[in-house]
Amino acid sequence: MPADAAIDHLLEGLNPPQRDAVTHGEGPMLILAGAGSGKTRVITHRIAYLLRTGQARPGEILAITFTNKAAAEMRERVELLVGRATRAMWVMTFHAACARMLRAHADKLGFTRQFTIYDSADQRRLMKQCLDNRGYDTKRYTPRAMQSQISRAKNTLVTAEQYAETVGSPFEEIVAEIYADYDRELLRMNAMDFDDMLLNSVRLLERHQDVRDAYSNQFRWVMVDEYQDTNKVQYRWLQLLTSEHRNLAVVGDDAQSIYGFRAADIRNILEFEEDYPDAHVVKLEQNYRSTQTILDAANALISNNRGQMPKHLWTDLGQGDPVRVREMADEHAEARWVTAEIQRLVDEGVSRSEIAVFYRTNAQSRVLDEMLTRAGVAYQVIGGPKFYERAEVKDAIAYLTFLVNPQDATAFTRIANSPRRGIGQTSLSRVLAHANNMGISVWEAAEGEVPGLAKPARNAIGRFMDTMNALKRRAEENGPVAQLLDAVLHESGYLDALHAERTIEAQGRVENLQELVSAAAQYDVNAENGSLDEFLQQTSLFADSDNLREDEGLVTLMTMHNAKGLEFPIVFMIGMEDGTFPHSRSIEESNLEEERRLAYVGVTRAMRQLTLTYARRRMGYGGGGATPTIKSRFLDELPRELTDQPARISRGFPTPGRVASWSQAAAASAEYSADTNDAQLFKVGDDVVHAQLGDGVVTDLQPGGIVVVRFEGEGRDRSLMADVAPIRKR
């Protein structure tokens with residue numbers, strides 16, 4: 001194919017802004033790529049265009065992204081366009097590119113080229129060693145907490161010396177000491193951690209002009225994907241590489257910057273034009289994923305952020321259905337209704353793989369896990385295990401199990417050193433062997449004299465068993481399971497250890513444990529003659545029930561953060577209440593703009609149907625009882641005409657023109673107005689009982705007093721006249 005024809009073929013099918021971004025020549029460029037706007041296609045076609053037109057040789061191209069998966073996809077797509085030339089390019093993650101640089105020049109920083117890269121476990125072991133060397137209590141000042149603080153410092157270009165100059169608390173003083181010790185030990189052991197990959201690459205380029213010049217001359221064309229997620233050290237690395245030729249093309253969307261807790265700095269993209277006043281700016285606003293209604297909802301939502309770069313998503317895919325908004329009685333009604341809706345969709349021929357449910361925190365998945373399991377709906381959890389498979393939840397249940405069954409060696413070995421108490425695997429094995437040899441329970445063995453145990457291990461096991469005996473006496477009182485579980489988590493030191501970590505991840509684990517206490521509290525309320533045995537049996541049924549893999553696929557459950565980069569035809573976003581989403585922590589820290597960006601990410605994952613649900617009451621974390629909630633401010637920011645909810649005027653009757661049709665307004669009014677027909681006795685999500693058909697859940701309310709119910713024994717919806725049918729609320 002002649003060169004001109006090849007170029008025409010390459011540009012064929014690109015919309016005008018995409019073509020503009022692909023064909024832009026030298027100089028800085030900011031590509032503002034809205035959700036679903038084809039940004040990866042733009043990057044790959046730009047690389048191919050530079051090669052086809054002779055502006056670049058393969059070895060002069062550096063294309064950077066964040067994950068190995070994204071880098072592999074980009075390499076594959078570029079190879080389809082340009083063939084084997086891809087092998088001469090650096091198409092990789094930040095860390096991979098920096099590691100390659102350091103392998104070539106580590107000696108200039110005092111390392112050999114064979115330096116070791118420490119993973120998270122290696123880092124924590126070294127942190128513990130540094131803490132031990134200074135005599136600090138590693139339960140109070142945990143290696144994980146040190147790791148988190150030092151990682152944040154490195155990602156913001158703060159050295160150990162600089163950190164020491166800005167400390168403002170006793171904890172930070174200890175971090176400063178450990179930071180200096182840790183870096184010194186890394187150098188002595190010829191090792192770097194993941195953060196050092198970036199930080200030491202910056203140091204290399206700053207301190208050695210010859211190295212900087214060599215890489216700047218080599219990489220005359222630099223492209224960066226997901227630029228809104230870059231942190232300060234990544235920003236500086238790119239600046240050093242491109243300050244001479246300035247051929248830096250960055251692709252990103254400020255409205256999808258949701259990783260501030262990982263040190264991502266949204267200012268990098270918001271201030272790009274200040275850094276490069278001559279930057280060419282391209283806005284990719286045509287969306288190839290979602291209906292216009294969904295995009296209009298996203299546009300309206302994000303417009304409430306002050307710190308943003310304005311853009312307006314649009315599509316040729318049509319207007320689509322209104323966004324559905326549903327109010328539920330509580331989280332159980334919410335989960336029942338969502339489960340029933342999923343069953344209805346599957347009955348209508350929708351593949352389960354087309355359906356996703358998003359929530360703000362992992363802890364919210366527990367009730368939905370249980371409902372889907374009971375209903376036999378196959379599902380998967382992305383970004384982590386299912387609720388009852390999470391390590392902290394399994395630990396808590398193992399504590400309760402050991403209280404009930406003193407012979408359970410598996411439970412004993414799981415909890416004896418969790419949290420860490422200085423009881424090693426060798427000591428645990430000796431306890432188990434002694435129990436086996438003597439024909440006694442593990443509990444009895446741990447309480448007695450175990451041959452071969454060193455004094456420190458004997459003392460640690462003794463303290464552990466003292467705690468367990470106190471908890472066992474409490475368990476024998478047959479009080480509420482939630483109170484016992486709460487006591488286990490506190491008296492074992494488990495919660496204290498998590499709080500001491502001072503990380504977002506540890507806080508998420510705390511929330512999961514609080515949700516488990518909530519589950520126990522719910523069990524206490526519902527069980528007539530409840531027992532710890534029965535509660536454990538119930539949880540084991542949920543934990544063991546779902547490894548289903550069916551041809552129809554799996555419903556996908558995930559947090560909103562994990563949804564980024566994905567798309568689904570049908571999306572449910574649950575828990576839309578202030579305090580849940582936006583999260584209470586973000587409200588307290590005045591970080592609402594990032595929470596709103598997270599909501600924007602969730603909304604723009606939906607392709608053709610979006611449903612938002614909220615509950616009037618939600619069980620407080622830790623079993624504190626159901627408390628009234630306020631629906632999320634994000635719901636109030638959606639124009640009513642984009643939803644299936646009418647504008648509320650006197651007595652809740654709809655205003656013409658505010659919804660797509662009068663029939664739609666009537667349907668919505670039947671659910672939400674103050675009208676007095678018998679249908680108003682019910683709400684979507686209510687549990688009901690029919691005299692002949694048994695238990696069911698209300699899935700919809702329709703004009704004319706019609707209640708739509710899905711009964712447990714039927715697996716399909718029935719439309720019933722509320723004032724005639726023999727149904728009542730449970």
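At distances below 3.5 Å, not a single donor-acceptor pair connects side-chain atoms of T291 with backbone N or O atoms of R608. Between the side chain of R360 and the backbone N or O of G575 there is no donor-acceptor pair closer than 3.5 Å. Judged by distance alone, with hydrogens and angles left aside, the side-chain atoms of Q228 form a donor-acceptor pair with the main-chain N or O of D253 at under 3.5 Å. Between the side chain of D321 and the backbone N or O of Q609 there is no donor-acceptor pair closer than 3.5 Å. Remark: side-chain polar atoms of H45 are paired, donor with acceptor, to backbone N or O of R41 under 3.5 angstrom. Without hydrogens or angle criteria, D20 side chain to P16 main chain gives no donor-acceptor distance under 3.5 Å. Side chain of E588 to backbone of R585: no donor-acceptor contact under 3.5 angstrom is found. Of the possible polar contacts, one joining the Q18 side chain to the S37 backbone as a donor-acceptor pair under 3.5 Å is found. Of the possible polar contacts, none joining the E226 side chain to the F66 backbone as a donor-acceptor pair under 3.5 Å is found. Side chain of S148 to main chain of R144: no donor-acceptor pair is present (N/O by atom type, distance under 3.5 Å, no hydrogens or angles).
The minimum heavy-atom distance linking V202 with L157 is given by the pair CG1-CD2, 4.2 Å. In terms of heavy-atom proximity, R75 sits nearest to M92 at NH1-CA, 4.2 Å.
Annotation: the span from T230 atom OG1 to I269 atom CD1 amounts to 8.0 Å, rounded to 0.5 Å. Atom CZ in F194 sits 9.0 Å away from atom CG in D122 (nearest 0.5 Å). Separating the CG atom in L566 from the CE atom in M558 is a distance of 5.0 Å, to the nearest 0.5 Å. Atom CD1 of I266 is separated from atom CD of E271 by 10.0 Å, given to the nearest 0.5 angstrom.
Annotation: side chain of N591 is not in contact with side chain of H583 (no heavy-atom distance under 4.5 Å). Side-chain contact check for F94 versus L198: some heavy-atom pair is nearer than 4.5 Å.
A salt bridge between D196 and K154 is present, with a side-chain N of the basic residue lying under 4.0 Å from a carboxylate O of the acidic one. Taking 4.0 Å as the cut-off between side-chain N and carboxylate O, E274 and R267 do not count as a salt-bridged pair. Salt bridge R262/D229: absent, no basic N to carboxylate O contact under 4.0 Å. Look at K311 and D254 and you find a salt bridge, because one of the NZ, NE, NH1 or NH2 atoms lies within 4.0 Å of a carboxylate O, short of that distance. No salt bridge links R633 with E637; every basic N to acidic carboxylate O contact stays at or beyond 4.0 Å. Taking the charged nitrogens against the carboxylate oxygens, D278 and R246 do have a contact shorter than 4.0 Å, which makes a salt bridge. For the pair E594 and R597, the salt-bridge criterion is met [side-chain N within less than 4.0 Å of a carboxylate O]. Salt bridge R236/E206: present, at least one basic N to carboxylate O contact under 4.0 Å.
Side-chain atoms of S216 and E244 include no donor-acceptor pair closer than 3.5 Å. Of the N and O atoms on the side chains of Q292 and T315, not one donor lies less than 3.5 Å from an acceptor on the other residue.
Using cut-offs of 30° and 60° for the angle between ring planes, the Y163 and Y179 rings count as perpendicular. Ring orientation note: the planes of Y215 and F219 are close to parallel, at an angle under 30° on the 30°/60° scale.
Counting heavy-atom neighbours within 6.0 Å of K564 NZ, excluding the residue itself, gives a total above 12.
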**OP:** For Y259 and H561, run side chain to side chain contact (heavy atoms under 4.5 Å, CB included): C-alpha distance rounded to whole Å, both residues' side-chain angles, the deciding distance at 0.1 Å, then the answer.
**Re:** CA-CA 8 Å; Y259 295 119; H561 279 100; 4.0 Å; yes
Subject >> Full working for side chain to side chain contact (heavy atoms under 4.5 Å, CB included) between M74 and D225 >> reply: CA-CA 10 Å; M74 192 180 294; D225 192 15; 4.2 Å; yes
Original post:
Can you list the steps and then say if M223 with L50 is a side chain to side chain contact (heavy atoms under 4.5 Å, CB included)?
Top reply: CA-CA 12 Å; M223 277 154 274; L50 290 172; 4.0 Å; yes
Original post:
Could you walk me through whether I294 and T604 pass the side chain to side chain contact (heavy atoms under 4.5 Å, CB included) check?
Top reply: CA-CA 7 Å; I294 290 170; T604 54; 5.7 Å; no
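Geometrically, R152 does not engage F261 in a cation-pi contact, judged by NZ or CZ lying under 6.0 Å from the ring centre and within 45° of the ring axis.
For the side-chain contact (heavy atoms from CB on, under 4.5 Å) test with W221, the passing option among H245, R57, M89, R46 is R46; the others fail.
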